[in-house]
Asker: 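Mind having a look at this structure? Questions to follow.
Residue numbers begin at 1 in each chain, while the letters A, B, ... track the order of the sequences.
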Protein chains: 2
Amino acid sequence: MPRTPRQPIADLTAHLGYWLRYVSNHVSKAFAHKLEAREVTVAEWTLMRKLYDTDCLAPSRLAEQLGLTRGAITKLADRLITKGLATRTPDLRDARAQTLALSARGRNLVPTLAALAEQNEAEFFDHLSIKERATIERVLRDIVRIRGLKSIPVE
Amino acid sequence: MPRTPRQPIADLTAHLGYWLRYVSNHVSKAFAHKLEAREVTVAEWTLMRKLYDTDCLAPSRLAEQLGLTRGAITKLADRLITKGLATRTPDLRDARAQTLALSARGRNLVPTLAALAEQNEAEFFDHLSIKERATIERVLRDIVRIRGLKSIPVE
DNA sequence: TATTGTTATACTCTATAACTATA
DNA sequence: TATAGTTATAGAGTATAACAATA
């Protein structure tokens, strides 16, 4: 049975992008699995982590800083509020504005989740030498800088 | 206004997992954008790429090799078939079995899409030195090997 | 009974666009 | 008219579980 001739093209595994994605996907999935027991998703964690550092923030500020749309922030915030991990309060000076913050429970949970993040990091990268680690971090940071990448991804 | 004390925890950007995900997400998104003009998604491309190398394959084989469920393969295959890029034919020896293959049009399209993948790769990684590139690829491959990662991600 | 594949359902993540209530 | 936020809708990506046909 004749078939259309196959033009030789590069092996997928010849691409750095392939390996990057392969490993990144697994690291993320493993982290998501660790978060599951706490009923928090990776995207929710990102939002919580940001609020932990800033105390409180307007949805539009969060959208900018996390590289998401305002609608996406609303949805994530809704879920965190439903779970009792965050609060939404109206701004007194501008009736259009809202402020998002962690609830006490949410704030208390962050160190625990951060420990899971550390554990995940260790599982995947602890065997690397200091030098390897430095090279990778530098190269990845360079790509972000050179390509002017915005938006913070989930992790 | 007193608030719950903030326990100091590691900066997100101290994690390799963070940078990996950051860059990987952008590389993938840029690739998805390139594929858009051809009306193919990244997951569809992965399937097409696999079929290009194997000529044809049963859904269950594809599921194993791409690390997806059979249901997911059915859905992806349905879309490719709707677009005229793949075909599904019953197996003559086992009436339960099906065989997926690229259509002539699908097969002809693969080199074009592969060129887009190359272009994407170049945009993000061309500035790396040979040594940097080798280090990263080796480290990522090692992680896959050491951690025994399965499943092929999209890209 | 085990296997192959499909279907039904659901959920996360994210976007776009329309809409509401101010400013 | 511009801005802040929400809501509605949609679609990719993926999973689980139930199911039909066949082995």
Asker: Assign A:Thr41 to base, sugar-phosphate, or nothing according to its heavy-atom contacts below 4.0 angstrom with the strands shown.
Answerer: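 Sugar-phosphate, backbone atoms only, no base.
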
Asker: Using the side chain to side chain donor-acceptor pair (under 3.5 Å) criterion, which residues pair with A:Asp11? Sequence neighbours excluded.
Answerer: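 For A:Asp11 the side chain to side chain donor-acceptor pair (under 3.5 Å) partners, ignoring immediate neighbours, are A:Thr13.
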
Asker: Need one value for B:Ala58: base, sugar-phosphate or nothing, where a base atom within 4.0 Å counts as base even if backbone is also close, heavy atoms only.
Answerer: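 Result for B:Ala58 = sugar-phosphate.
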
Asker: When all nucleic acid strands are considered with a 4.0 Å heavy-atom cut-off, which category describes B:Thr74: base, sugar-phosphate, or nothing?
Answerer: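 The answer is base, as B:Thr74 lies within the cut-off (heavy atoms under 4.0 Å) of a base atom.
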
Asker: Treat primed atoms plus P, OP1 and OP2 as sugar-phosphate and everything else as base, then score nucleotides 16-23 of chain C 5' to 3': B for base contact with protein heavy atoms under 4.0 Å, S for sugar-phosphate contact only, - for none.
Answerer: B----BBS

Asker: Side chain of A:Lys75, base of C:dT14: donor and acceptor closer than 3.5 Å?
Answerer: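 Present.
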
Asker: State, with a plain yes or no, whether a side-chain heavy atom of B:Leu16 is found less than 4.5 Å away from one of B:Leu20.
Answerer: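 A side-chain contact is absent here, since even the closest heavy-atom pair is not under 4.5 Å.
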
Asker: Closer than 4.0 angstrom, basic N to acidic O: yes or no for A:Arg141 and A:Glu137?
Answerer: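 Judged by the 4.0 Å cut-off on N to carboxylate O distance, A:Arg141 and A:Glu137 do form a salt bridge.
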
Asker: Can you name the side chain to side chain donor-acceptor pair (under 3.5 Å) partners of A:Lys75, sequence neighbours left out?
Answerer: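 None.
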
Asker: How would you list all residue pairs meeting salt bridge (Lys or Arg N to Asp or Glu O under 4.0 Å) that involve residues 109-118 of chain A, not counting sequence neighbours?
Answerer: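 Counting only pairs at least two positions apart or across chains, no salt bridge (Lys or Arg N to Asp or Glu O under 4.0 Å) contact touches residues 109-118 of chain A.
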
Asker: List, one per line, each side-chain donor-acceptor pair under 3.5 Å for residues 76-83 of chain A, sequence neighbours excluded.
Answerer:
unit_1  : atom_1 : unit_2  : atom_2 : d
A:Asp78 : OD1    : A:Arg88 : NH2    : 2.4
A:Arg79 : NE     : A:Glu44 : OE2    : 2.5
A:Arg79 : NH2    : A:Thr41 : OG1    : 3.4
A:Arg79 : NH2    : A:Glu44 : OE2    : 2.8
A:Thr82 : OG1    : A:Asp78 : O      : 2.8
A:Lys83 : NZ     : A:Glu39 : O      : 3.0
A:Lys83 : NZ     : A:Glu44 : OE1    : 2.6
A:Lys83 : NZ     : A:Glu44 : OE2    : 3.0

Asker: With axes from five pairs an end, tell me the bend angle of the helix from C:dT1-D:dA23 to C:dA23-D:dT1, nearest 10°.
Answerer: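 End axes: 30° apart.
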
Asker: Does the side chain of B:Phe124 come within less than 4.5 Å of B:Asn120's, by heavy atoms?
Answerer: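 Yes, side chains in contact.
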
Asker: Please state whether the rings of A:Tyr22 and A:Tyr18 are parallel, tilted or perpendicular, taking 30° and 60° as the class boundaries.
Answerer: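 It falls in the perpendicular class, over 60°.
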
